[in-house]
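Note sheet for the following structure.
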There are 2 protein chains.
Amino acid sequence: MSEENIKLLKKAGLKITEPRLTILSLMQQNQNKEEVTHFSAEDIYKMLLEKGEEIGLATVYRVLNQFDEANILIRHNFEGNKSVFELAPEEHHDHIICVDCGKVFEFNDEVIEKRQKEISAERGIKLKTHSLYLYGKCNNIDTCDENNK
Amino acid sequence: MSEENIKLLKKAGLKITEPRLTILSLMQQNQNKEEVTHFSAEDIYKMLLEKGEEIGLATVYRVLNQFDEANILIRHNFEGNKSVFELAPEEHHDHIICVDCGKVFEFNDEVIEKRQKEISAERGIKLKTHSLYLYGKCNNIDTCDENNK
DNA sequence: CTGACTGCAAACTGTTTGCAGTAAG
DNA sequence: CTTACTGCAAACAGTTTGCAGTCAG
């Protein structure tokens, strides 16, 4: 699997370095595992520390920015001040964020996607990207149940 | 009109002070005038300075936060790091932001609103709010024409 | 009067940058 | 070799907070 990551970095014109490979595989690990898949720079930095990796916070930021530009991952600005990142998915999706427990759900809706294009076109705007975040309270039993009564 | 603003503040449990009235009317002035209606704290602070008002930046932030909590205005996190504020509109609307000139367009679409509710309901999530931002290139002749060729 | 409010400066958080050393190609 | 990359510390931007004085109710 590391082979593919090396290809990814090369395609982005980036040298193959340990921090980049480490961060990349770290984000891939939690994929497809019902795990959290959205991380802040700080999150990633801490995970690296726990693994005993010697990677500076500045490097984490630099790598994340490079990955963002190379479309290897996507930057989100949920409510709050900091950016969170997720691996660029095969297919676009939008997000539902639980305001109580912070859990992130994903969805993709054809109807909404279509309307967005129509609305932009009507106004003569060339749609580049969009961000749609729904904020609500989920029914996570552990953390959110009280709030749903 | 100041009468109504006083009512607004009272309803929010806030004392009637000059900074609050000034900031409130400042944001109202540019409304319904094809003018920019989305301001950062810094924007507002500068406009106040230009008017010769003696209001500290910290106060601007405090007032904006109080107004946000009182639903007098709405905070947005467009791309980038800072918050921008607009007066809470009568009817909800979403935004299109031009990535070249920064102009903000507003729209409201029943189809999208409806789908959002359905999607949340399907997942057992109580939808509180949402943010939908479309980013694209507008056809503003002054600043954006080159980019649309 | 009294607590809410204000301005100022200092503190904080998230992020970027300058620099000198290190390593990939 | 040469240039991109890294870690560190310092710098930054946006925002919040502690404090002493002021003002609305």
Side-chain angles (χ1 to χ4, degrees), chain A residues 2-3 5-24 26 38-49 51-70 72-85 102, chain B residues 2-3 5-24 26 38-49 51-70 72-85 102:
Chain A
S2 196
E3 270 307 310
N5 286 347
I6 289 174
K7 263 190 213 166
L8 253 183
L9 293 181
K10 280 194 176 153
K11 196 162 62 178
L14 298 169
K15 289 192 173 178
I16 315 304
T17 68
E18 200 232 305
R20 288 179 183 146
L21 286 175
T22 309
I23 291 173
L24 197 45
L26 191 119
H38 295 70
F39 308 96
S40 68
E42 196 73 33
D43 290 339
I44 291 173
Y45 180 60
K46 280 182 189 153
M47 291 167 79
L48 291 171
L49 282 187
K51 284 198 163 196
E53 300 284 343
E54 296 275 317
I55 298 178
L57 182 54
T59 300
V60 173
Y61 275 103
R62 276 187 288 234
V63 169
L64 289 176
N65 281 332
Q66 290 157 344
F67 284 5
D68 180 26
E69 264 167 53
I72 293 173
L73 45 75
I74 292 180
R75 164 190 256 116
H76 294 289
N77 301 295
F78 295 157
E79 282 183 338
N81 25 327
K82 62 188 170 194
S83 299
V84 297
F85 300 85
Chain B
S2 196
E3 270 307 310
N5 286 346
I6 289 174
K7 263 190 215 166
L8 253 182
L9 293 181
K10 280 193 178 154
K11 196 162 60 176
L14 299 169
K15 289 193 171 176
I16 315 304
T17 68
E18 200 230 306
R20 288 179 183 145
L21 286 174
T22 310
I23 291 173
L24 197 45
L26 191 119
H38 295 70
F39 309 96
S40 68
E42 195 73 35
D43 290 339
I44 291 173
Y45 179 61
K46 281 182 188 154
M47 292 167 78
L48 291 172
L49 282 187
K51 286 199 162 195
E53 300 285 344
E54 297 273 319
I55 298 178
L57 182 54
T59 301
V60 173
Y61 275 104
R62 276 187 285 233
V63 170
L64 290 176
N65 281 331
Q66 290 158 344
F67 284 6
D68 180 27
E69 263 167 54
I72 293 173
L73 44 76
I74 293 180
R75 176 199 302 266
H76 293 289
N77 300 295
F78 294 157
E79 284 183 337
N81 24 325
K82 63 186 169 196
S83 298
V84 298
F85 299 85

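Note on naming: letters A, B, ... go to the chains in the order of the sequence lines (proteins, then strands), and numbering restarts at 1 for each one. Only this structure's heavy atoms are used, side chains among them; waters, hydrogens and symmetry mates stay out.
- Between B:F85 and A:Y45, the residue whose closest nucleotide on DNA chain D is further toward the 5' end is A:Y45.
- Put simply, CG on A:L14 is 12 Å from P on D:dA4, counting in whole angstrom units.
- Picking from D:dA24, D:dT17, D:dT15 the nucleotide with the shortest atom distance to the side chain of B:I16 gives D:dA24.
- Listed nucleotides D:dT16, C:dT6, D:dT6 differ in distance to A:P19; the shortest reach to its side chain belongs to D:dT6.
- For the side chain to side chain contact (heavy atoms under 4.5 Å, CB included) with A:V63, the lone residue among A:D68, A:I44, A:I23, A:T22 that qualifies is A:I23.
- Mapped onto DNA chain C by nearest heavy atom, B:G56 and A:S40 fall at different nucleotides, with B:G56 at the one closer to the 5' end.
- OP1 or OP2 of D:dG14 has at least one side-chain nitrogen or oxygen of B:K82 nearer than 4.0 Å.
- In the set C:dT6, D:dC5, C:dG7, the nucleotide with an atom closest to the side chain of B:I55 is C:dG7.
- For B:N81, no side-chain nitrogen or oxygen approaches OP1 or OP2 of C:dT15 to under 4.0 Å.
- With rounding to whole Å, A:N77 atom CG is found 14 Å from D:dG14 atom P.
- Distance from the side chain of A:A58 is smallest to D:dC8 among D:dC8, D:dT17, C:dG14.
- Using a 4.5 Å cut-off on side-chain heavy atoms (C-beta onward), B:K15 and B:R20 make contact.
- A donor-acceptor pair is defined here as one N or O able to donate and one able to accept, closer than 3.5 Å; no such pair exists between the side chain of B:N5 and the backbone of B:S2.
- Taking 4.0 angstrom as the limit, A:T17 places a side-chain polar atom (N or O) nearer than this to OP1 or OP2 of D:dT6.
- Evaluation of atom-type donor-acceptor distances gives no pair under 3.5 Å for the side chain of B:R75 against the base of D:dG14.
- For B:K15, the side-chain atoms get nearest to C:dC5 when compared with the rest of C:dA24, C:dC5, C:dT16.
- Here B:Y61 does not reach the OP1 or OP2 of D:dT16: none of its side-chain N or O atoms lies under 4.0 Å away.
- In this structure, B:T59 and A:V63 both approach DNA chain D, and ranking their closest nucleotides by distance from the 5' end singles out A:V63.
- Shortest non-hydrogen contact noted between A:D43 and A:H38 is OD2-O, 4.3 Å.
- Whole-Å rounding puts the B:L21 CG to D:dG25 C1' distance at 15 Å.
- We find that CG of B:L9 is positioned 13 Å from C1' of C:dC5, with the value rounded to whole Å.
- Remark: P of D:dC5 and CG of A:L57 are 19 Å apart, rounded to the nearest angstrom.
- Taking every heavy atom of both residues into account, B:N77 and B:S83 meet most closely at OD1-OG, 3.4 Å.
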Trace of the side chain to side chain contact (heavy atoms under 4.5 Å, CB included) decision for A:E53 with A:E18: CA-CA 10 Å; A:E53 300 284 343; A:E18 200 232 305; 2.8 Å; yes
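- At the phosphate of D:dA4, neither OP1 nor OP2 sits under 4.0 Å from any side-chain N or O atom of A:R62.
- Distance CD (A:Q66) to P (C:dT17): 12 Å, rounded to an integer number of Å.
- Note on A:S83: every side-chain N or O is 4.0 Å or more away from OP1 and OP2 of C:dG14.
- Between the C1' atom of D:dT6 and the CG atom of A:L64 lies a distance of 15 Å, rounded to the nearest Å.
- A straight line from CD of A:E54 to P of C:dG21 spans 19 Å, rounded to a whole angstrom.
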